[in-house]
Amino acid sequence: MEEMDREMSKPINNPILNNPIGSKEVKTGRASEEYRKSMLNALRSNFKQISDVLQEGADADGGYLVPEEYDKRLIDVLDEENIMRKLGTKITTSGEHKINIAATKPAAAWIEEGGALTFGDATFSQILLDAHKLHVAIKVTEELLYDNAFNLESYIIDQFGKALSNAEEDAFLNGTGTGQPLGLFAETGGGTLANTVSAIKADDIISLIYALRRPYRKSAKFIMNDSTIASIRKLKDNNGVYMWQPALTQGEPDRLLGYEVYTSAYAPTDKIAFGDFSYYNIGDRGTRSFKQLTELFAGNGLIGYVAKERVDGKLILPEAVQILAVSGS
């Protein structure tokens, strides 16, 4: 019995000597804290203090790739400000991205017993997402740059993020497709024109909703200019009830006939879009990067920086978005 007790008193497993599973992951490369601090030191020192850690992110034309922590927060700003990045489908591409679309679909047909089969041709078309360069440049005084009490990191991220966001949203809505994305409201390649009216009436909004095919209506939303809201909010149905339904919860979008409404200062004042905007595809090519403008503003005591990205956007199914145009005031 004593021998048995001694055996049962022995430990049944080995002690845990390493870090337990679930401990904080050690980030490496551009995601590391060391790389982030090196980038900040390089900015504050006019790129005179460049460590080996920062050199691993150098891009081909002399800029330095944004640390992954910076890049994540830049994307956060874009998502918060840009309604098309909320509603569209975002794709990360490494080259020209081709999206295949079924142009014709097979149709069923009744035949007599023993009759000959009829064959249809399945055809496909392609939408090509390319990459258009978008950049934003700012000038910072040397005094401001070297003042450690100033939160330089947040300033640069906020300013670059807002500028990129505004330019993107304008292009995603109104872009011509030449040197920039193709906009949702473009006459060719944008949404389908459902109707043109001289003034917006309640019946026109109802007609716009049902001009969109039923499968797309399940996830449909409105996009319109802020100035259009005043006219829409005054519309009533045949029972005298206002069609506009303000959001009951803070932060949620208002609704028009039960559908969410998103407004943008860049949406045309004479058009309203209604549809499933997930069919608008946004292709992000590569990673955003910072670059210092060396000597350009040295005589003025200023230092310039540029943030750049490559992005494209297209509506891959025009029938998924219907447009109501207003010809009058």
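Nothing fancy with the numbering, it's 1 onward along the sequence. All values below were derived from every heavy atom in this structure, side-chain atoms included, with hydrogens, water molecules and symmetry-related copies excluded.
Across all non-hydrogen atoms, the minimal contact from Phe160 to Ala307 is CD2-CB, 3.1 Å. Residues Pro181 and His132 approach most closely at N-CD2, 3.7 Å, considering heavy atoms. Considering every non-hydrogen atom in both Tyr266 and Glu169, the closest pair reads CD1-OE2, 3.9 Å. Closest heavy-atom contact between Ala211 and Ala194: CB-CB, 3.9 Å.
There is no path of hydrophobic side-chain contacts, each under 4.5 Å, that joins Leu182 to Ile282.
Salt-bridge formation is detected for the pair Arg285/Asp130: a Lys NZ or Arg NE/NH1/NH2 atom is positioned less than 4.0 Å from an Asp or Glu carboxylate oxygen. Under the 4.0 Å criterion applied to side-chain N and carboxylate O atoms, Lys37 and Glu34 are not assigned as salt-bridge partners.
With hydrogens and angles ignored, the 3.5 Å screen pairs a side-chain donor or acceptor of Thr89 with a backbone N or O of Ser278. Side-chain N or O atoms of Ser207 include one that pairs as donor or acceptor with a backbone N or O of Asp203 at under 3.5 Å. A donor-acceptor pair is defined here as one N or O able to donate and one able to accept, closer than 3.5 Å; no such pair exists between the side chain of Asp204 and the backbone of Ile200. No donor-acceptor pair closer than 3.5 Å links the side chain of Thr263 to the backbone N or O of Met224.
Under 3.5 Å, the side chains of Glu319 and Tyr216 contain a donor-acceptor pair of N or O atoms. No hydrogens or angles considered: nothing links the side chains of Tyr35 and Glu33 as a donor-acceptor pair under 3.5 Å. Using a 3.5 Å distance cut-off with no hydrogens or angles, the side chains of Thr92 and Asp284 do not pair a donor with an acceptor.
Annotation: salt bridge (charged side-chain N to carboxylate O under 4.0 Å, His left out) contacts of Glu2 (sequence neighbours excluded): none.
Residue Glu309 holds its CD atom at 5.0 Å from CG of Leu134, rounded to the nearest 0.5 Å.
Between Ile323 and Thr192 the shortest side-chain heavy-atom distance does not fall below 4.5 Å. Counting heavy atoms from C-beta outward, Asp312 and Lys314 have side chains that approach closer than 4.5 Å.
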Practice problem: Go through the steps to decide whether Val321 and Asp276 satisfy the test side chain to side chain contact (heavy atoms under 4.5 Å, CB included), and finish with yes or no. | Solution: CA-CA 6 Å; Val321 176; Asp276 186 348; over 6 Å; no
Practice problem: Given side chain to side chain donor-acceptor pair (under 3.5 Å), test Thr269 with Asn225 step by step and report yes or no. | Solution: CA-CA 5 Å; Thr269 57; Asn225 190 281; 5.9 Å; no
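Taking the six-membered ring where tryptophan is involved, the planes of Tyr259 and Phe274 are perpendicular, since the angle between them exceeds 60° and thus also 30°.
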